[in-house]
Amino acid sequence: MPSSKPATAIIVGSGIVGAATAYFLTRRGIKVTLLDATAPAAGATGAADGAVSVASKRPGPMMEAALAGVALYRKLAEGGLFSDVFKSRSTFIVAASDAECEVLHAHAAALASAGVQVELLSEAGIRQRFPALSYDAKLAVEVFGEGHAIGYQIVHRFLTAAGVVVKRASPIKAILPGRAVRHAAGVVTATGEVPADAVIIAAGNGSAALLGLQNVLVPRKGQLLVTERAQKLNAAMPGSIMSGRYLLSKGSQKGQTIAPRGLGLVIDPLRTGQFLIGGTREDHGDRCANDIDAVTRILRDAVALVPGLADVRLLRNFAGVRTAVVDGLPLIGRIPGYDNAFVATGFEGDGICLGPVTGQTIANIVCGDEAGIDLKPFEPSRFIPREVAA
Ligand SMILES: Cc1cc2nc3c(=O)[nH]c(=O)nc-3n(C[C@H](O)[C@H](O)[C@H](O)COP(=O)(O)OP(=O)(O)OC[C@H]3O[C@@H](n4cnc5c(N)ncnc54)[C@H](O)[C@@H]3O)c2cc1C
């Protein structure tokens, strides 16, 4: 396909996906206007954990995309852009029951079959490699080559490097159809029309109203906790912990359905010496608040697996809202009915990992180049009818 680079582009949404897209478009010389209904990283990106990880994936399109996502983080860290905001570490998936051990054995084999470097740790192996874990841990799988990043730090890095200032408090109402067939002329805001040669919708849950996807995108709340600094315990943890139950709560295992309120434990030792502990998956109730029941259960599970956490104080808790898609795959690509409008949304619990590689991919297709990753499984046309542009 011949390259057909636009001169200007509007991006709707300044979460990690919009910010990454802005970065990669400006590097190609495209003038970017980035509009947000509220502020940069005000959505899921600013209320996420931040595992840059393939550990919970099964072989398939999400695994392929996540492998590309992790590789890009490494490249940007080596190149300097993410040098001090990407923490390289292993993920340890830990089984505490016979049922979890069974799931974990199968999952480790699946990861290995996709080329991911893993090592099974018996109880004796766990004592040696991860002494901070309690005797509840019966089996662990170390997944090598993973990492962690804080979403709002990545957004800040991208926007600063791109030299893009977000137009805050600018909710977009609709794509502005052009006079020519299949052409978007820009976007419609509360105060008027903003023209551009290309439009990219990266609005997280806000994408539903813009593209008529109310029955396709599902807001999925997650509650997280942050502790005070505990340098000694933090330094004794060679990576993050993901409970076997997290695999089940994320619904990434074959034949799994997600409970109305999934609880799966993740404990991430941060660069600051603090711990980020999560979390829930909830498709009902108040979308933004924490509740004492969830906080209590998360803490109880965390201390059961890492007893040293009992002496560490909880500093704060918060909740964010992921954008899930009913078939479990994001929407990335051209918006049906338009030649020059694109969407990237629906990343559920994987958008920190996938944000940068998605931004790079969108920039490629906006310029008429090869996408770089296989977009067929993520085709927006599986949900967006052609008439959306009319
Ligand atoms: C509790 C929790 C834990 C998570 N943990 C991880 C993890 O460990 N690893 C991982 O990879 N991912 C994780 N995620 C998922 C990740 O945070 C998201 O997938 C990712 O941040 C989505 O980014 P986004 O840019 O698509 O959307 P968002 O960050 O939601 O950004 C969308 C932006 O669009 C703006 N907007 C909406 N509507 C409009 C409109 N009409 N006009 C203008 N602007 C609009 C919003 O204000 C917002 O700023 C987690 C998420 C949560 C909530």
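Note that the structure is a prediction, hence the values are computed from the model and not measured. Just follow the structure's listing: the first ligand is 1, and inside any ligand the first atom is 1.
- Remark: minimum distance from atom 51 (C) of ligand 1 to any protein heavy atom is reached at R322 CG, 3.5 Å.
- Looking at T361, its side chain never comes within 3.5 Å of a backbone N or O of G372 through a donor-acceptor pair.
- Of the N or O atoms in S14, none lie within a sub-3.5 Å distance of an N or O in ligand 1.
- Of the possible donor and acceptor atoms, one in the side chain of N364 sits under 3.5 Å from a partner among the backbone N and O of A371.
- Of the protein's non-hydrogen atoms, I172 N, 3.7 Å is the one closest to atom 40 (C) of ligand 1.
- Of the protein's heavy atoms, G15 CA, 3.6 Å lies nearest to atom 31 (O) of ligand 1.
- The local environment of NE2 in H183 is crowded, with over 12 non-hydrogen atoms from other residues, nucleotides or ligands closer than 6.0 Å.
- Of the candidates A20, A203, G279, G346, the one placing a heavy atom closest to atom 32 (C) of ligand 1 is A203.
- Under the 4.0 angstrom criterion for non-hydrogen atoms, K221 is not in contact with ligand 1.
- Using 4.0 Å as the threshold, P171 has a heavy atom nearer than that to some atom of ligand 1.
- With salt bridges taken as basic N to acidic carboxylate O contacts below 4.0 Å, none links K138 and E100.
- In terms of heavy atoms, Q360 sits closest to F24 at N-CD1, 3.4 Å.
- For a threshold of 3.5 Å applied to N or O pairs, the pair formed by I352 and ligand 1 contains at least one separation below that value.
- Among the atoms of G50, some N or O lies under 3.5 angstrom from an N or O of ligand 1.
- When I11, V17, L224 are ranked by how near their heavy atoms come to atom 25 (O) of ligand 1, first place goes to V17.
- Listed by atom number, the atoms of ligand 1 under 4.0 Å from F347 heavy atoms are 19 (O), 26 (O).
- Side chains of R58 and S56: a donor-acceptor N/O pair is absent below 3.5 angstrom, by distance only.
- In terms of protein heavy-atom proximity, atom 35 (C) of ligand 1 is nearest to D36 OD2, 3.4 Å.
- Residue T45 has at least one heavy-atom neighbour below 4.0 Å for each of these atoms of ligand 1: 20 (C), 21 (O), 23 (O), 25 (O), 28 (P), 29 (O).
- A salt bridge between R297 and D301 is absent, with no side-chain N of the basic residue lying under 4.0 Å from a carboxylate O of the acidic one.
- Looking from atom 27 (O) of ligand 1 to the surrounding protein, the closest heavy atom is G204 CA, 3.8 Å.
- Ion pairing between a basic and an acidic side chain is recognised when a charged N comes within 4.0 Å of a carboxylate O; R28 and D369 show such pairing.
- Counting protein heavy atoms only, atom 11 (O) of ligand 1 is closest to C353 N, 2.8 Å.
- F158 and Y23 have tilted rings, their planes meeting at an angle from 30° to 60° on a 0 to 90° scale.
- The heavy atom nearest to atom 9 (N) of ligand 1, considering only A37, S240, S170, A51, is found in A51.
- Counting atoms of ligand 1 from 1 in the listed order, those under 4.0 Å from a heavy atom of G320 are 53 (C).
- Here the side chains of P380 and P336 are in contact, with some heavy-atom distance below 4.5 Å.
- Some N or O of E348 is nearer than 3.5 Å to an N or O of ligand 1, by distance alone.
- From the protein, the heavy atom lying nearest to atom 30 (O) of ligand 1 is A44 N, 3.0 Å.
- Taking 4.0 Å as the cut-off, G349 counts as a neighbour of ligand 1 on heavy-atom distance.
- The ligand atoms of ligand 1 that sit less than 4.0 angstrom from a heavy atom of V321 are 53 (C).
- Contact atoms of ligand 1 toward T38: 47 (O) (distance under 4.0 Å to a heavy atom of the residue).
- Using a 4.0 Å cut-off between heavy atoms, S53 makes no contact with ligand 1 at all.
- Under a 4.0 Å N-O distance rule, the pair D84/R157 qualifies as a salt bridge.
- The backbone N or O of S14 lies less than 3.5 Å from a partner atom in the side chain of D36, making a donor-acceptor pair.
- Of the possible polar contacts, one joining the T280 side chain to the Q223 backbone as a donor-acceptor pair under 3.5 Å is found.
- Heavy-atom contacts of G222 reach the following atoms of ligand 1: 1 (C) (cutoff under 4.0 Å).
- Between I277 and T227, the closest side-chain pair of non-hydrogen atoms falls below 4.5 Å.
- Here the heavy atom of the protein found nearest to atom 4 (C) of ligand 1 is D49 N, 3.4 Å.
- By the 4.0 Å heavy-atom criterion, G278 is excluded from the residues contacting ligand 1.
- Distances between N or O atoms of G351 and those of ligand 1 include at least one value under 3.5 Å.
- In I16, the parts holding a heavy atom less than 4.0 Å from any atom of ligand 1 are both the side chain and the backbone.
- Proximity of A47 to ligand 1, defined as any heavy-atom pair under 4.0 Å, is confined to the backbone N, CA, C and O atoms.
- Within the 4.0 Å heavy-atom criterion, the part of A39 lying near ligand 1 is the backbone and not the side chain.
- Tested against V187 for a side-chain contact (heavy atoms from CB on, under 4.5 Å), the candidates L35, I11, T33, L176 yield a single pass: L35.
- Of the possible polar contacts, none joining the T45 side chain to the G15 backbone as a donor-acceptor pair under 3.5 Å is found.
- With respect to the salt-bridge test (charged N to carboxylate O, under 4.0 angstrom), the residues K57 and D350 qualify.
- The shortest non-hydrogen separation linking S243 to G264 is OG-C, 4.0 Å.
- Interface atoms of ligand 1 facing G206, defined by a heavy-atom separation under 4.0 Å, are 37 (C), 38 (N).
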